[in-house]
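Notes follow the structure.
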Amino acid sequence: MPISITLIGGPTALIEIDGFRLLTDPTFDAPGAYQLPHVKLEKTIGPALTADAIGPVDAVLLSHDQHSDNLDNSGREFLKHAKRVLTTEAGARRLGGHAEGLAPWATSHVKDRDGNSLTITATPARHGPAGIEPLSGDVIGFVVSSNRKDTSAVYISGDTTWFDGVAEVARRFKCRVVLPFAGAAQTRGPFHLTMDTNDTIETARAFPDAVIVPLHTEGWAHFRQDGEDLRKTFDVLGFGTRLRLLEPGVPTVVEAP
């Protein structure tokens with residue numbers, strides 16, 4: 001079955017699969033400066049769609065809750081009305097309410113009245129180089145698998161760089177649609193907190209049968225690379241036909257190659 005993805009902005013995308021509607025890291029605030037405990041972030045582009053325009057979703061897949069470029073004030077309000085919120089164990093404790101915490105490789109299920117179901121598996125993520133964990137906090141990604149055999153599995157990396165955990169996801173799951181959080185985010189220090197072009201290429205190599213649909217490449221000043229950087233890199237290395245750049249606000253049917 002085809003999968004539709006609508007880029008809202010930054011890491012936020014609406015994924016429609018088998019009649020289910022999933023939203024990644026909700027960010028709906030307007031452009032402006034956002035002060036975190038140790039750094040100030042500048043949002044340069046507003047969301048392509050408002051939270052009201054998106055409407056209800058079956059689950060929010062929240063990679064982590066502590067950074068405003070992945071969960072802002074409007075996003076926190078959105079969580080209050082979502083049916084399900086899946087996030088890190090530490091994030092669930094902080095958020096409270098109906099947030100559900102998942103450790104890497106733990107699973108949860110979303111079902112409808114017709115017997116269709118999705119299995120959502122939390123995956124390892126590392127928000128920067130080795131040793132960054134005390135600063136960046138816990139992060140997870142997600143694999144979404146359907147009980148329908150004709151629907152491709154989807155991997156959403158969350159805020160991570162390429163590391164052994166991502167490679168292990170590729171070994172365990174045959175995903176045909178992969179959404180890496182790219183953009184080479186850089187806030188403190190000369191290192192990236194999310195995938196750069198090299199990391200994204202490594203991810204494409206690890207998932208050889210997947211179409212690559214990057215998120216988290218625009219909208220914030222601390223993103224050092226964008227979709228066009230990915231396009232040039234993929235073209236030079238012969239991966240260009242597998243890259244799908246989304247137009248913000250436009251539902252796009254994504255089919256595996």
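The structure displayed is predicted, hence computed values, not measured ones.
- Residues Arg176 and Val211 form no side-chain contact, since every pair of their non-hydrogen atoms from C-beta on lies 4.5 Å or further apart.
- Minimum heavy-atom separation, His192 to Ala184: CD2-O, 3.5 Å.
- Between Arg205 and Phe239, some side-chain heavy-atom pair lies under the 4.5 Å cut-off.
- When Leu14, Leu179, Val253, Thr252 are each tested for a side-chain contact (heavy atoms from CB on, under 4.5 Å) with Ile5, only one passes: Leu179.
- With no hydrogens or angles considered, a side-chain donor-acceptor pair links Thr12 and Thr27 at under 3.5 Å.
- The closest side-chain heavy-atom distance from Leu61 to Val144 is below 4.5 Å.
- Ile3 is not connected to Ile212 by any chain of hydrophobic side-chain contacts under 4.5 Å among Ile, Leu, Val, Met, Phe, Trp and Tyr, and they are in different clusters.
- Heavy-atom neighbours of Arg172 CZ from other residues, nucleotides or ligands within 6.0 Å: above the threshold of 12.
- Looking only at side-chain heavy atoms (C-beta outward), Asp69 and Pro11 stay at 4.5 Å or farther from each other.
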Could you walk me through whether Arg224 and Asp196 pass the side chain to side chain contact (heavy atoms under 4.5 Å, CB included) check?
CA-CA 8 Å; Arg224 297 294 185 255; Asp196 59 14; over 6 Å; no
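- No side-chain donor-acceptor contact under 3.5 Å links Asp159 and Ser63.
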Test side chain to side chain contact (heavy atoms under 4.5 Å, CB included) applied to Ile17 and Thr151, step by step:
CA-CA 8 Å; Ile17 175 173; Thr151 300; 3.7 Å; yes
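- Taking the six-membered ring for Trp and thresholds of 30 and 60 degrees, Trp105 and Phe173 have nearly parallel ring planes, at less than 30 degrees apart.
- Using a 4.5 Å cut-off between side-chain heavy atoms of Ile, Leu, Val, Met, Phe, Trp and Tyr, with links allowed through other members, Leu243 and Val254 fall into different hydrophobic clusters.
- Although no hydrogens or angles enter the test, the distance criterion places no donor-acceptor pair under 3.5 Å between the side chain of His81 and the main chain of Gly55.
- Across all their heavy atoms, Arg244 and Pro214 have their closest contact at O-CD, 3.4 Å.
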Using side chain to side chain contact (heavy atoms under 4.5 Å, CB included), reason through Trp220 and Ser68 one step at a time and then give a plain yes or no.
CA-CA 11 Å; Trp220 291 84; Ser68 55; 4.3 Å; yes
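- A donor-acceptor pair under 3.5 Å is absent between the side-chain atoms of Asp226 and the main chain of Glu218, judged by distance alone.
- The side-chain heavy atoms of Phe142 and Leu22, taken from C-beta on, include no pair separated by under 4.5 Å.
- Distance NE2/His216 to OG1/Thr24: 10.0 Å, rounded to 0.5 Å.
- With Ile156 as reference, Ile15 is the one residue of Val143, Val213, Ile15 to meet the side-chain contact (heavy atoms from CB on, under 4.5 Å) rule.
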Run the salt bridge (charged side-chain N to carboxylate O under 4.0 Å, His left out) test on Glu228 and Arg231 for me, step by step, so that the C-alpha distance in whole Å, both residues' side-chain angles and the decisive distance to 0.1 Å come before the verdict.
CA-CA 5 Å; Glu228 284 308 306; Arg231 168 67 69 197; 5.4 Å; no
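- Heavy-atom minimum distance, Ser108 versus Leu86: OG-CD2, 4.0 Å.
- Closest heavy-atom contact between Lys43 and Ile45: CE-O, 3.2 Å.
- Atom CG of residue Leu95 and atom CD of residue Gln66 lie 9.5 Å apart, to the nearest 0.5 angstrom.
- Linking Ile, Leu, Val, Met, Phe, Trp and Tyr residues whenever their side-chain heavy atoms come within less than 4.5 Å places Leu118 and Val154 in a single cluster.
- Side-chain atoms of Asp235 do not come within 3.5 Å of backbone N or O of Gly238 as any donor-acceptor pair.
- Here CE of Met195 is found 5.5 Å from OG1 of Thr160. Values are rounded to the nearest 0.5 Å.
- Of all heavy-atom pairs between Arg126 and Trp162, the closest is NH2-O, 4.3 Å.
- Side-chain atoms of Arg21 come within 3.5 Å of backbone N or O of Ile54 as a donor-acceptor pair.
- Counting heavy atoms from C-beta outward, Ser157 and Thr203 have side chains that stay 4.5 Å or more apart.
- Atom OG1 of Thr194 sits about 7.5 Å away from atom NE2 of His222, to the nearest 0.5 Å.
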Under the criterion side chain to side chain contact (heavy atoms under 4.5 Å, CB included), I'd like the reasoning laid out for Asn70 against Phe181: C-alpha separation, chi angles, the key distance, then a yes or no.
CA-CA 11 Å; Asn70 294 85; Phe181 281 28; 4.1 Å; yes
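- Residues Val236 and Leu230 share a hydrophobic cluster, clusters being chains of Ile/Leu/Val/Met/Phe/Trp/Tyr side chains in contact below 4.5 Å.
- Note that CG of Leu41 and CZ of Phe223 are 9.0 Å apart. Values are rounded to the nearest 0.5 Å.
- The hydrophobic clustering, which links ILVMFWY residues whose side-chain heavy atoms are closer than 4.5 Å, places Val178 and Leu245 together.
- With a 4.5 Å cut-off on side-chain heavy atoms, Leu71 and Pro26 count as touching.
- Residues that satisfy the ring-ring contact (aromatic ring centres under 6.0 Å, His included) test with Phe207, not counting sequence neighbours, are Tyr155.
- One distance of note links OG of Ser4 with CD of Glu255; it measures 11.0 Å at 0.5 Å rounding.
- Using a 4.5 Å cut-off on side-chain heavy atoms (C-beta onward), Phe234 and Thr200 make contact.
- With Phe28 as reference, Ile8 is the one residue of Leu49, Asn73, Ile8 to meet the side-chain contact (heavy atoms from CB on, under 4.5 Å) rule.
- Here the shortest heavy-atom pairing between Thr107 and Leu102 reads O-CD2, 4.1 Å.
- Under the 3.5 Å distance criterion, the side-chain polar atoms of Asp58 are left unmatched by any main-chain donor or acceptor of Phe20.
- Results of the side chain to side chain donor-acceptor pair (under 3.5 Å) test with Ser146 over Asp18, Thr119, Asn116 single out Asp18 as the only residue that passes.
- No donor-acceptor pair under 3.5 Å is formed between the side chain of His64 and the backbone N or O of Asp138.
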